[in-house]
Amino acid sequence: MISKIDELRLIARCVTLDDHRAFARLVDEYSPGLRRFVYNLTLGDASLTDDISQETFIKAYISLRSFRGLSRFSTWLYTIACREYADYRRRNARTVSLDPATTAADLDTGYSTPHRASDIHHDLEVAMSCLSEHERMAVLLFYLEDRPIKDISRITGMPEGTIKSHLSRAKSKMAQTINEYES
């Protein structure tokens with residue numbers, strides 16, 4: 001992980017010298033984590049992950065002059081990715097809504113692989129698919145990306161109390177879904 005100082009130096013080189021190699025270094029540094037986040041956010045849609053990740057980096061490059069450095073570059077980048085995902089969802093209003101009568105056993109997550117690494121991994125996939133977008137985003141940022149509540153609030157634009165509520169509800173839903181699935 002690069003330090004905040006190195007991060008700011010790279011951004012300054014991008015902005016002042018239009019240094020594409022400096023931006024490539026930022027992409028190399030932050031791409032794996034961002035792609036993992038988007039992949040999980042999209043419930044494993046690799047093609048959509050590629051599209052959103054690419055759009056995120058393009059918008060970041062275009063808007064780099066507006067980055068103020070008040071937070072880490074990654075926080076700013078994740079904010080752009082969340083907006084890109086929300087824009088995608090709005091453009092493609094074919095959201096999947098689960099019938100409350102649907103049980104976890106009835107769910108086809110659509111992104112499990114034929115050779116699952118473990119039953120726990122599959123249980124997690126099923127549990128994550130039952131969460132709302134905001135709950136899934138909060139869980140991914142907090143538990144997978146290890147982001148503090150304050151950063152999650154900046155990234156998503158939601159108040160800290162709402163993030164905490166989403167995390168609490170998500171844990172309950174996931175536990176209930178896994179229990180139903182195992183029954």
Side-chain angles (χ1 to χ4, degrees), residues 1-93 95 111 124 128-129 131-171 174:
M1 176 180 250
I2 60 177
S3 70
K4 187 164 183 172
I5 301 285
D6 289 336
E7 191 177 86
L8 292 173
R9 280 188 192 128
L10 289 169
I11 292 167
R13 289 184 60 81
C14 292
V15 170
T16 59
L17 304 173
D18 196 29
D19 186 344
H20 297 286
R21 288 188 328 195
F23 191 73
R25 173 89 166 86
L26 290 168
V27 171
D28 289 344
E29 179 69 26
Y30 295 110
S31 184
L34 180 78
R35 289 185 49 75
R36 179 183 58 238
F37 169 67
V38 173
Y39 182 79
N40 285 300
L41 190 61
T42 63
L43 295 175
D45 186 332
S47 177
L48 183 56
T49 297
D50 290 342
D51 291 346
I52 290 174
S53 297
Q54 183 175 12
E55 282 300 314
T56 298
F57 282 112
I58 288 170
K59 288 200 175 166
Y61 186 76
I62 291 169
S63 306
L64 205 52
R65 292 184 190 283
S66 69
F67 179 70
R68 290 178 275 158
L70 300 175
S71 62
R72 292 293 305 246
F73 179 73
S74 62
T75 301
W76 186 67
L77 200 59
Y78 279 62
T79 303
I80 295 170
C82 287
R83 287 186 191 137
E84 282 300 306
Y85 178 72
D87 289 348
Y88 166 80
R89 296 291 292 194
R90 273 191 292 279
R91 283 190 312 267
N92 300 292
T95 57
Y111 69 103
L124 185 59
M128 289 293 285
S129 69
L131 301 178
S132 73
E133 290 177 39
H134 292 296
E135 291 166 344
R136 189 167 55 249
M137 199 175 295
V139 166
L140 291 171
L141 288 168
F142 189 74
Y143 292 107
L144 186 66
E145 299 301 323
D146 201 27
R147 298 286 183 157
I149 300 288
K150 189 173 277 190
D151 278 1
I152 298 171
S153 178
R154 283 187 198 136
I155 290 168
T156 62
M158 293 185 277
E160 291 181 26
T162 303
I163 301 292
K164 292 175 185 176
S165 295
H166 284 314
L167 288 170
S168 178
R169 262 194 312 273
K171 285 193 291 189
M174 291 175 76

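- Under the 3.5 Å distance criterion, the side-chain polar atoms of K171 are left unmatched by any main-chain donor or acceptor of V139.
- Atoms CE and NE2, from M158 and H134 in turn, are 5.5 Å apart once rounded to the nearest 0.5 Å.
- In this structure, a donor-acceptor pair under 3.5 Å is present between the side chains of Y78 and E145.
- Note that CG of L144 and CZ of R36 are 5.0 Å apart. Values are rounded to the nearest 0.5 Å.
- A donor-acceptor distance shorter than 3.5 angstrom exists from the side chain of R136 to the backbone of L131, with no hydrogens or angles considered.
- With T42 contributing its side chain and Y39 its backbone, the two residues share a donor-acceptor pair below 3.5 Å.
- With contacts defined as side-chain heavy-atom distances shorter than 4.5 Å, the pair W76/R154 does not qualify.
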>> Quick one, E29 with S74, criterion side-chain contact (heavy atoms from CB on, under 4.5 Å). Give me CA distance, side-chain angles, the key distance, then yes/no.
In response: CA-CA 9 Å; E29 179 69 26; S74 62; over 6 Å; no
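- E55 has its side chain out of reach of Y88: every pair of non-hydrogen atoms, C-beta onward, lies at least 4.5 Å apart.
- Proximity of T156 to L141: side-chain heavy atoms (C-beta onward) are separated by under 4.5 Å at one or more points.
- Closest approach of C14 and L26 over heavy atoms only: SG-CD1, 4.4 Å.
- A donor-acceptor contact shorter than 3.5 Å is absent between the side chain of S63 and the backbone of S66.
- Side-chain contact between V38 and E84: absent, with no pair of heavy atoms (C-beta onward) separated by less than 4.5 Å.
- Atoms OG1 and CD1, on T162 and I152 in that order, are 12.5 Å from each other to the nearest 0.5 Å.
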>> Working note: M128 + L140, criterion side-chain contact (heavy atoms from CB on, under 4.5 Å); need CA distance, chi angles, decisive distance, verdict.
In response: CA-CA 9 Å; M128 289 293 285; L140 291 171; 3.5 Å; yes
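- Two residues are said to be in side-chain contact when any heavy atoms from C-beta on lie closer than 4.5 Å; D18 and Y61 meet this criterion.
- The structure places OG1 of T79 at 6.0 Å from CZ of R83, a figure rounded to the nearest 0.5 Å.
- With contacts defined as side-chain heavy-atom distances shorter than 4.5 Å, the pair L167/Y143 qualifies.
- Residues I2 and Y30 form a side-chain contact, since some pair of their non-hydrogen atoms from C-beta on lies under 4.5 Å apart.
- The environment of NZ in K150 is sparse: at most 12 heavy-atom neighbours from other residues, nucleotides or ligands sit within 6.0 Å.
- Looking at L34 and F57, their side chains come closer than 4.5 Å, going by heavy atoms from C-beta outward.
- For the pair E7 (side chain) and F73 (backbone), a donor-acceptor distance under 3.5 Å is present.
- To the nearest 0.5 Å, atom NZ of residue K59 and atom CG of residue L77 are 13.0 Å apart.
- Interatomic distance, CG of D87 versus SG of C82, reported as 11.0 Å (0.5 Å rounding).
- The backbone N or O of I149 sits nowhere less than 3.5 Å from a side-chain atom of S153 that would complete a donor-acceptor pair.
- A donor-acceptor pair is defined here as one N or O able to donate and one able to accept, closer than 3.5 Å; no such pair exists between the side chain of S168 and the backbone of K164.
- Contact record, H166 with A138: CB-CB, 4.1 Å, taken as the closest heavy-atom pair.
- At most 12 non-hydrogen atoms from other residues, nucleotides or ligands lie less than 6.0 angstrom from CD1 of I5.
- Heavy-atom neighbours of R13 CZ from other residues, nucleotides or ligands within 6.0 Å: at or below the threshold of 12.
- The 12-atom threshold is exceeded at CG of D28, counting heavy atoms of other residues, nucleotides or ligands nearer than 6.0 Å.
- For the pair M137 and Y85, the tightest heavy-atom approach, listed with the atom from each and the gap, is CE-CD2, 4.4 Å.
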